[in-house]
Protein chains: 2
Amino acid sequence: MDDGNRRWLHKVVLKKSDALVIRMVVSTYQAASGAGAAAMEELELQTREVLDGKEPTCNIFNQQYAFNLFSHNAPVLSNGYNEEEMKLVKETKKIWNDNNVKVTATCIRVPVMRAHAESVNLQFDKPLDEETAREILNKAAGLVVIDDRASNRFPTPLGVSSKDDVAVGRIRQDLSQDGNYGLDIFVCGDQIRKGAALNAIQIAELLL
Amino acid sequence: MDDGNRRWLHKVVLKKSDALVIRMVVSTYQAASGAGAAAMEELELQTREVLDGKEPTCNIFNQQYAFNLFSHNAPVLSNGYNEEEMKLVKETKKIWNDNNVKVTATCIRVPVMRAHAESVNLQFDKPLDEETAREILNKAAGLVVIDDRASNRFPTPLGVSSKDDVAVGRIRQDLSQDGNYGLDIFVCGDQIRKGAALNAIQIAELLL
């Protein structure tokens, strides 16, 4: 999925603080658009059918997608991970240029039209407090921080659809790790824009 | 959310193997039903409106739910966790009768009518291999293992809707932990059934 999201997070979290990510646990919320226009059309068709009390048409996926969710449809490998998850594991190491980082992922399709979301748990090699992380993220190009706790406003797939920036929020110190070694964040990005053309441009700019 | 799920996982994972969970990272996929019948009706109404190109009616939630997802609507506390997440953290410790277990959670509402799902990453104090975990889960009452890698069939909210059993699948050794100390699993349960009356009966039976 959207290596654009990960590339930007990498840049901001890794390069602008002393702390390195040593382990990452990701759960995804992936939209129909990741499987192409026909999948988006099937989700719409199925939703109409289900609302009308009809059997849903299942051509692209082998089960009902409307008002449902399921493990990503990529083939499952002998280690129990599916190809999408292994892609996320391998691309993260490649993008971060770090073969030692530990990554696990669970990729799930949700009945959203476009833009993916990820719940990300990070473990660092040094303490990184929430305020420092937020400052770094706030200053990063290509990222927008949406993290309004009082009004419960955080990134959503709909909010980032057709936008260039990746949105990050729910930034908080991970209660399950002692000593500020962990953060939980929630990320949304429109992989149609961020995953392809725009990334190429932004990477090129970095090389200038 | 559904402490029924956690109670059953607790029983099978903790009591029937030597390994204890020492840390758990959870991301949830929570259905409209958790917010009551009116929320289910709003999701249906909004979906019809969006399909008809109309503005969605937002009475229960403060934003579009149809074909979207968002951070759980519970109030956010000063530590950045929302009340739903802290409930999950505290209930897990209580149900497991273990104040030392480390838990973090990110709770997300997805446009599913009923039955919640959870992506769960587990860390044990001793090695627990995937096959042993699967055997234990297979034998547990109140749980059904749906873990067919070849046909990509795993638990779904729709599959468990109106059913008593909690479904568990995607059981695999966590690649991000060395030495079989970790497992990733995916759980679905209809919290309307499992979270309330049925739990009371099953707990009573255990006491007999």
Side-chain angles (χ1 to χ4, degrees), chain A residues 23-27 29 43-44 47-48 51 62-64 67-71 73-82 89 102-106 108 110-113 117 119-121 130 147 149-159 169-178 182 184 186, chain B residues 23-27 29 43-44 47-48 51 62-64 67-71 73-82 89 102-106 108 110-113 117 119-121 130 147 149-159 169-178 182 184 186:
Chain A
R23 183 169 176 245
M24 180 165 81
V25 178
V26 183
S27 295
Y29 303 71
L43 174 57
E44 181 175 336
T47 306
R48 289 185 192 278
L51 288 174
N62 65 357
Q63 58 190 313
Q64 182 177 325
F67 303 109
N68 196 21
L69 56 82
F70 45 80
S71 183
N73 48 297
V76 181
L77 307 167
S78 59
N79 65 359
Y81 285 76
N82 62 46
V89 170
K102 307 283 190 184
V103 183
T104 186
T106 299
I108 305 293
V110 293
V112 166
M113 274 302 164
S119 168
V120 183
N121 178 269
E130 182 185 305
D147 206 26
R149 293 177 180 178
S151 66
N152 217 320
R153 210 175 67 88
F154 301 108
T156 65
L158 200 65
R170 299 301 321 277
I171 304 160
R172 62 205 191 279
Q173 213 76 52
D174 173 8
L175 284 180
S176 74
Q177 296 182 64
D178 294 326
D184 279 303
F186 188 68
Chain B
R23 183 169 174 244
M24 179 166 82
V25 179
V26 183
S27 295
Y29 302 72
L43 174 57
E44 181 175 337
T47 305
R48 290 184 192 279
L51 288 174
N62 65 357
Q63 58 190 314
Q64 182 177 326
F67 302 109
N68 195 22
L69 56 82
F70 46 80
S71 183
N73 47 297
V76 182
L77 307 167
S78 59
N79 65 358
Y81 285 75
N82 62 45
V89 170
K102 308 283 191 183
V103 182
T104 185
T106 299
I108 305 293
V110 293
V112 166
M113 275 301 165
S119 167
V120 182
N121 177 269
E130 183 185 305
D147 206 25
R149 294 177 179 178
S151 66
N152 218 321
R153 209 174 69 86
F154 301 108
T156 65
L158 200 64
R170 299 300 322 277
I171 304 159
R172 60 204 192 279
Q173 213 76 52
D174 172 8
L175 283 179
S176 74
Q177 295 183 64
D178 294 326
D184 279 304
F186 188 69

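A, B, ... follow the sequence lines: proteins, then strands. Residue 1 opens every chain. Note that the structure is a prediction, hence the values are computed from the model and not measured.
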Answer with side chain, backbone, both or neither: which region of [X] has an atom nearer than 4.5 Å to a non-hydrogen atom of chain A?
X	value
B:V103	backbone
B:N79	both
B:I171	neither
B:A74	backbone
B:D147	neither

Please classify the contact of [X] with chain B as side chain, backbone, both or neither, using a heavy-atom distance under 4.5 Å.
X	value
A:R23	side chain
A:A150	neither
A:N68	both
A:R153	neither

Inset, instruction - Would you give the length of the straight line joining atom OG of A:S78 to atom CZ of B:R172, rounded to the nearest 0.5 angstrom? - result: 13.0 Å
Legend entry - Value rounded to 0.5 Å, distance of CZ in A:F70 from CG in B:L158: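 Those atoms lie 11.0 Å apart.
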Legend entry - Flag for A:S119-B:S27: side-chain donor and acceptor within less than 3.5 Å: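 Per modelled atom types, B:S27 and A:S119 side chains form a pair under 3.5 Å.
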Between [options], which has the largest tally of heavy atom pairs under 4.5 Å with chain B?
options	value
A:V89, A:N73, A:T47, A:I108	A:I108
A:L51, A:N121, A:V25	A:L51
A:V110, A:D184, A:L69	A:L69
A:S71, A:G169, A:S176, A:G159	A:S176
A:R170, A:Q177, A:K102	A:R170

Inset, instruction - Compare every heavy atom of A:Q63 with every heavy atom of B:N152, then report the nearest pair and how far apart it is. - result: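 The pair with the smallest heavy-atom distance is O-NE2, 4.4 Å.
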Inset, instruction - For the pair B:E130 (side chain) and B:Q173 (backbone), establish whether a donor and an acceptor sit closer than 3.5 Å, ignoring hydrogens and angles. - result: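 Judged by distance alone, yes, a pair lies under 3.5 Å.
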Inset, instruction - Determine, using ring centers only, whether A:Y29 and B:Y29 are less than 6.0 Å apart. - result: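 Judged by ring-centre distance (under 6.0 Å), B:Y29 and A:Y29 do meet the cut-off.
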Legend entry - Non-hydrogen side-chain atoms of B:T104 and B:Y81 separated by less than 4.5 Å: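 Of all side-chain heavy-atom pairs linking B:Y81 with B:T104, at least one is under 4.5 Å.
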Inset, instruction - Take B:V76 and A:F154 through the side chain to side chain contact (heavy atoms under 4.5 Å, CB included) test and state the conclusion after the steps. - result: CA-CA 11 Å; B:V76 182; A:F154 301 108; 3.9 Å; yes
Legend entry - Steps toward side chain to side chain contact (heavy atoms under 4.5 Å, CB included) verdict (A:R48, B:R48): CA-CA 8 Å; A:R48 289 185 192 278; B:R48 290 184 192 279; over 6 Å; no
